[in-house]
Amino acid sequence: MATLNPPIRSASSRPPSLTASARLRRLARSYTLRVFAQAVVTVWAVITFTFFLIRLMPGNPVDVYIDFLMNQQNITYEEARARAASQFKFDPDANIFVQYGEYMGRLIQLDLGESITSTGTRVIEQIARFLPWTVFSVGLGLFISFILGVTIGTIMAYLRNSWLDNLFSLLASILGAVPNYIWGLLILIVFGVQLQWFQVGALRGTYNSSLTPGFNLTFLLSVLTHAALPVLVYVLGSIGRWMLNMRNSTIGTLGEDYVSVARARGLPPSRILLAYVGRNAALPMFTLLAIDIGFIIGGSVIIEELFVYKGIGSFLFWSISQRDYTSMQGVFLVITISVVFSNVLADLLYSQLDPRVRVGGGEK
Amino acid sequence: MRRGLFIFLLLTLALALAVGAVGAQEPTRFAGGWPYQLPPDGHFNSYASGVINLGIYWDLMEPPLGVYMWAQGAYEGMLAERFGFEGDEAYTVTLKSGVSWSDGSPVTARDIVTTFYTGYLIGWAVWNDISSVEAVDDRTARFVFKAPSQAAERRILTEQIRPASVYGAFAERAKPLVEAGARAGSADFDALLSELTTFRPEAFVSAGPYVLLPENITDAKVVLVKNEGGLNADIVAFDEVHLWNGETEVVTPLVLNGELWYGTYGFPPATEAQFIQAGIDIIRGPSYSGPALYFNHAIEPLNNVKLRQALAYAINREQNGFVSLGESGIANECMCGMSDNLASVWLSDEVMDSLNYYDYDRAMAESLMIEAGFSRSAAGKWTDAGGNVLAFELIFPAEFLDWAAAAENVTAQLNDFGLEISARGVQFQQQQQDVYDNNFQLAIRNWGVGSPFPGQAYLQAYDRYNGQGELAGEGVGGGMRFPQSVEYSGGTIENLRQLALDSSSGLDIDAQRARVAMLALSYNELLPAIPLWERYGNNPLNRAKLNAPPNGDPVYINAGVDHFMPYLIMTGGITPAV
Amino acid sequence: MVSQAAPTHERIIQTAPPRLMEGLLRPLRVFWRALRQNPVGLVGFSGLLCYALLITVGPLLVPFDNIVRLDQIAAPPGSRQVLLTRAEDAARYTTLESLAGRTVGYVRETGGEAFLRDYLRANPDAFQTEDTRWRSGRGVPDAMQALADGEIDALVVFSESVKRFIPHDPATPFTNLVVSNPALGAPHLLGTDTQGRDIFSHIVNGGSALIYTALLAGFFSSLIAVTLGSLAALIGGVVDNVLTSIANFVLTIPGFPLLVVLASLITLNNMVLLAALIGALSWPVLMRAVRSQVLSLRERDYVEAAVALNLGLPHIILREILPNMMSFVAINFIFAVTSAMYQQVGLIFLGMAPINDYTWGVMLYFGRTRGTLFSADSALMVLAPVLAIAFFQVSMVLFARAVEEMFDPRLRTAK
């Protein structure tokens with residue numbers, strides 16, 4: 001369905017013949033529902049694949065525990081094996097398809113099962129304990145870095161080839177090219193150890209443990225100070241990509257005919273910036289953002305370990321190293337759902353922001 | 001009357017001031033570290049996996065009956081006051097009096113009985129040595145032997161004692177199972193075991209000088225507070241023990257900025273150099289273990305003893321150790337499968353003299369290679385009779401940083417000697433499985449283990465890496481496939497593994513020494529693996545914060561479960577520096 | 001080339017008859033002229049040129065240093081071998097030549113030994129040598145003692161060892177030893193690594209394999225992303241659903257377990273396979289972004305026209321779609337290249353990439369696991385490869401900017 005209208009139309013300029021609810025209904029039938037069904041299938045495929053994948057990894061919970069006992073208690077292999085065998089309900093020789101069937105059966109009842117290595121601990125409890133901190137810190141980092149990066153990127157595009165643009169380009173490429181664990185280590189070593197600007201140990205953990213969690217200023221402040229370093233590292237590690245992407249995207253948009261036309265029509269620059277340039281240039285950013293939002297749940301293993309900010313990333317690292325299949329599977333499930341559905345939401349949002357996409361995608 | 005009142009007021013004031021002064025004083029503390037797992041995974045049931053693991057510091061809360069003092073070669077009582085063999089029938093232990101658990105109940109022989117009967121459920125090997133344990137009186141427990149040995153004594157004395165008030169019910173139900181000889185698989189046994197592993201005590205009950213309270217566990221560190229009635233509570237010099245969470249890289253900044261005062265981590269040499277620059281002392285105690293170059297004896301030239309001997313001469317172990325772990329990587333000298341520190345204790349001078357020390361000698365290596373039938377190609381590479389270059393792949397655990405460095409260096413040295421080795425880091429669990437599965441050519445794995453019995457060290461080579469490892473996985477097994485029955489210049493050994501097991505059984509020390517000598521001499525000659533160096537600790541000790549015995553004190557050779565640091569804390573050997 | 005030279009050059013070529021020559025040179029000339037007008041692009045271009053020189057010519061000039069020197073582990077930049085003598089001989093023995101007929105000491109397995117070996121190879125029998133065993137770090141003070149006791153006349157030793165064992169403290173026994181020649185060997189420009197080897201030589205030699213693989217991996221991942229993203233958006237329907245689902249699937253499967261399992265099944269000693277693996281795992285993010293962009297572009301008049309004229313998918317993708325999102329693809333290609341470099345480091349950890357080929361990635365792996373970042377002296381073992389990678393990315397970003405402006409006429413007018 002071709003359209004020769006200007007590429008961006010605000011919502012109000014749509015054909016008035018369709019009421020809001022009718023439009024929704026049409027979407028539900030033709031697009032939304034299909035997209036969601038597709039997402040559910042993807043989630044199923046990923047967790048099935050993951051289920052078998054993690055069991056193919058070398059070692060199993062029993063092996064890991066045998067190693068641990070031998071190394072820490074210096075007992076013989078045979079005793080370590082006997083002790084490890086007593087600990088877990090897990091049987092390494094059980095039929096893997098039967099295990100899969102049981103797992104899916106429980107999953108349909110929304111039961112994530114028990115941890116293997118800490119018998120009796122529910123996986124859901126583990127996730128509930130660690131996930132909020134990751135969502136908070138990584139989410140905050142992503143939010144700051146996206147807003148800052150997109151803003152600076154737009155400024156860079158407007159001041160193209162000025163010294164400011166060159167400086168920011170240089171900065172952004174360097175920031176983006178140094179992995180975030182190097183930033184983390186450098187911050188700890190330079191500001192924590194050499195300059196002693198902060199007490200390394202006092203900033204560890206998610207909040208000051210002498211405080212009782214609650215909605216009061218002291219507690220919230222303590223939460224913010226403890227998250228400050230990880231968030232700073234997340235911002236440093238990702239802002240360069242937003243800046244450069246937004247700069248390029250905006251420059252591309254600035255060259256479009258409709259922007260020239262808008263200029264020629266004498267529209268105020270601020271209106272051109274917001275309604276014409278900014279909106280169009282930010283579109284590809286949203287696809288990238290949606291993927292990143294999905295991965296918030298996964299957290300960052302290295303950064304959470306380095307700052308002892310105990311979130312889901314460091315928990316996942318622990319359960320992988322212990323080969324705790326059920327815990328791993330639980331975390332991966334949450335990650336999968338969040339990535340797949342944030343992408344679905346992005347698609348839907350995208351089609352709202354850019355009518356061209358919806359029209360095409362819905363009808364073909 | 002009035003004067004009386006005045007004095008009373010004065011006294012009250014003085015008391016208030018004194019209390020105020022005491023209250024205002026910072027509690028003295030010990031700041032160490034250990035990587036532990038947080039609740040809900042971490043819990044207080046020390047019979048179940050997932051217990052909040054504080055490693056060597058666990059002794060501070062569940063002390064053992066005794067600690068083996070490696071320098072003296074004798075046990076020192078911890079919870080136990082007296083202990084000893086009753087002929088070869090039984091072993092008796094008498095507890096110190098006046099020690100109580102943090103819940104207020106006294107420590108009695110019933111706690112010992114509880115500890116061992118409950119341990120039966122989770123497969124403690126001590127039950128291969130004893131048939132029963134009973135409380136003779138309030139403070140005395142008697143272990144009846146099935147097979148007496150020094151190893152059995154060690155298993156009895158070094159086990160951490162648990163409270164009957166928490167686990168007593170399990171022990172009482174386990175006792176009939178022990179008497180009936182019930183094993184895993186029987187319904188009663190499995191039911192009780194499953195109850196035990198899912199058991200989650202609300203609080204932790206400690207008999208040591210410190211106790212871990214649930215509210216003192218945070219993400220960043222745990223704080224152990226004084227348990228006033230506990231063992232040696234009046235002797236220990238710290239009010240609190242702080243243990244920071246995290247692995248080596250994570251705790252390094254804390255050591256450098258003076259927040260962590262003592263740590264048992266494997267710090268890389270560059271980090272260690274930075275500690276020394278910051279004025280932090282390094283404690284180097286032996287670990288009785290280290291990396292060795294293992295061979296796959298199922299592969300043609302690697303099963304040639306001359307080749308292995310040649311390689312032993314061709315590797316500069318001193319360089320390898322120093323590059324890998326700095327001054328804590330001490331070249332292994334006796335090349336006899338155990339630590340030099342053990343060899344000097346267990347081997348007679350005569351045996352020590354007849355060992356080959358394989359001092360770095362390229363000329364000797366050269367002639368042995370030629371003797372073994374290899375020759376150098378025009379390019380200087382060693383080739384076999386068929387003209388094939390001796391090319392092998394060496395796998396090492398990628399995450400073990402000192403072993404990775406050892407592998408990198410040994411590869412460079414052997415390539416310089418004229419072999420063609422390519423080194424590959426492998427995820428550590430996979431690498432171990434590869435060795436268990438005989439799926440390797442050359443590999444870096446450990447020799448030795450932190451036990452005072454040499455037999456345990458040989459079990460690494462002859463049991464763990466030679467066949468038994470297969471039980472853990474589903475692979476083909478076989479390990480390095482070194483023959484268990486060997487001939488060497490001193491005679492024939494029917495079964496190396498059995499000899500290693502036998503070397504610590506029974507109570508006849510001389511017979512044990514003779515077996516150890518056979519093991520040492522045959523290992524030295526046949527070289528199932530080439531030990532590279534012994535890993536000494538490089539534990540930073542901040543003497544600005546802690547007063548501890550000077551470097552070189554014999555206490556620092558205590559290793560394994562007899563680690564010196566909990567011993568020093570509990571016996572008041574380490575104090576706050578003022 | 002001086003800027004004034006260009007017009008003459010142009011004239012010569014214009015008068016030259018062969019058309020082929022001109023066909024080849026003209027784009028180059030246009031390119032060069034555009035680059036000259038764009039100083040930032042010029043910087044980026046020179047940067048890339050430097051890297052090209054570094055990885056091709058560099059190894060010929062600076063050979064890989066593989067000599068283990070036990071006394072100079074993780075030493076700071078600028079450290080080198082020095083000549084140590086007794087104070088009374090300081091004026092006499094200042095060079096190796098001045099020591100003819102005397103005895104010079106060194107410690108085994110140190111830089112001093114390596115240096116003297118090279119010197120004696122060129123000047124045999126210049127003087128006698130006397131070695132000391134290393135003995136776990138006691139070798140250097142032992143040799144100094146021998147010098148103080150008069151057993152040798154001079155000692156070739158590492159500058160940091162001198163600082164460590166001769167503090168300016170009258171209580172030490174070595175007060176009568178002085179450095180008579182502070183610059184015997186060449187200095188280590190970037191310091192030494194944890195085996196006492198020269199970091200600079202590793203930087204020079206360690207770039208090519210990493211850069212080739214990363215470029216290839218970036219190319220693979222961009223190629224897959226652009227192709228699949230365009231196809232999904234242009235064809236739509238079932239194809240779109242399937243491709244999007246595959247992208248979501250690859251995006252979501254947990255990377256670490258996947259790589260661990262793959263590592264246990266395959267070994268990658270081949271650059272192309274390594275690049276293919278990295279490319280195969282990292283395309284989905286860009287693919288989704290490309291798909292969204294193409295969905296937007298699809299409804300443009302010129303694309304509509306191309307579809308109506310039935311010009312075929314390859315034409316539409318290459319001629320109509322790609323030029324319009326070139327800058328977006330380019331910047332993401334650059335990020336893909338950089339992240340491919342770091343992914344190789346991750347693969348080294350998993351044993352999928354060999355360590356024998358001592359690339360910047362292997363340096364980073366050993367530098368980090370050996371804790372060099374904690375000490376200012378040795379931090380360059382980690383920072384040098386990271387900076388090398390970072391400046392490579394900077395050069396690419398700046399260069400890409402110049403290229404975009406050349407090929408996108410809109411950018412030159414719209415401002």
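Letters A, B, ... mirror the listed sequences (proteins, then strands); counts begin at 1. Side-chain atoms are counted along with the backbone in the values below, which use heavy atoms only and exclude waters and symmetry mates.
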Checklist entry - Between A/Ser173 and C/Gln393, do the side chains contain an N or O donor and an N or O acceptor separated by less than 3.5 Å? => result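 Their side chains do not contain a donor-acceptor pair, so the 3.5 Å distance test is not met.
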Checklist entry - Do any pairs count as a salt bridge (Lys or Arg N to Asp or Glu O under 4.0 Å) and have a residue in residues 236-245 of chain A, sequence neighbours left out, and if so which ones? => result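 Listed by first then second residue: A/Arg241-A/Asp292.
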Taking the side chain as every heavy atom from C-beta outward, state whether [X] and [Y] have any atom pair closer than 4.5 Å.
X        : Y        : answer
C/Ser245 : A/Val41  : no
C/Phe374 : A/Val193 : no
A/Leu288 : C/Arg288 : no
C/Leu258 : A/Phe49  : yes
C/Asn248 : A/Val339 : no

Under a 4.5 Å cutoff for heavy-atom pairs, which residue among [options] has the most contacts with chain A?
options                                : result
C/Ile253, C/Val290, C/Val250           : C/Ile253
C/Val285, C/Asp240, C/Ile389, C/Ile246 : C/Val285
C/Ala289, C/Ala233, C/Pro254           : C/Pro254

Next on the checklist: Give the interface residues of residues 329-342 of chain C toward chain A, defined by a heavy-atom separation under 4.5 Å.
Outcome noted: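 Contacts with chain A: C/Ile331, C/Asn332, C/Phe335, C/Thr338, C/Tyr342.
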Checklist entry - Is C/Phe249 atom CZ crowded by more than 12 heavy atoms from other residues, nucleotides or ligands, each under 6.0 Å away? => result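 Yes, enclosed.
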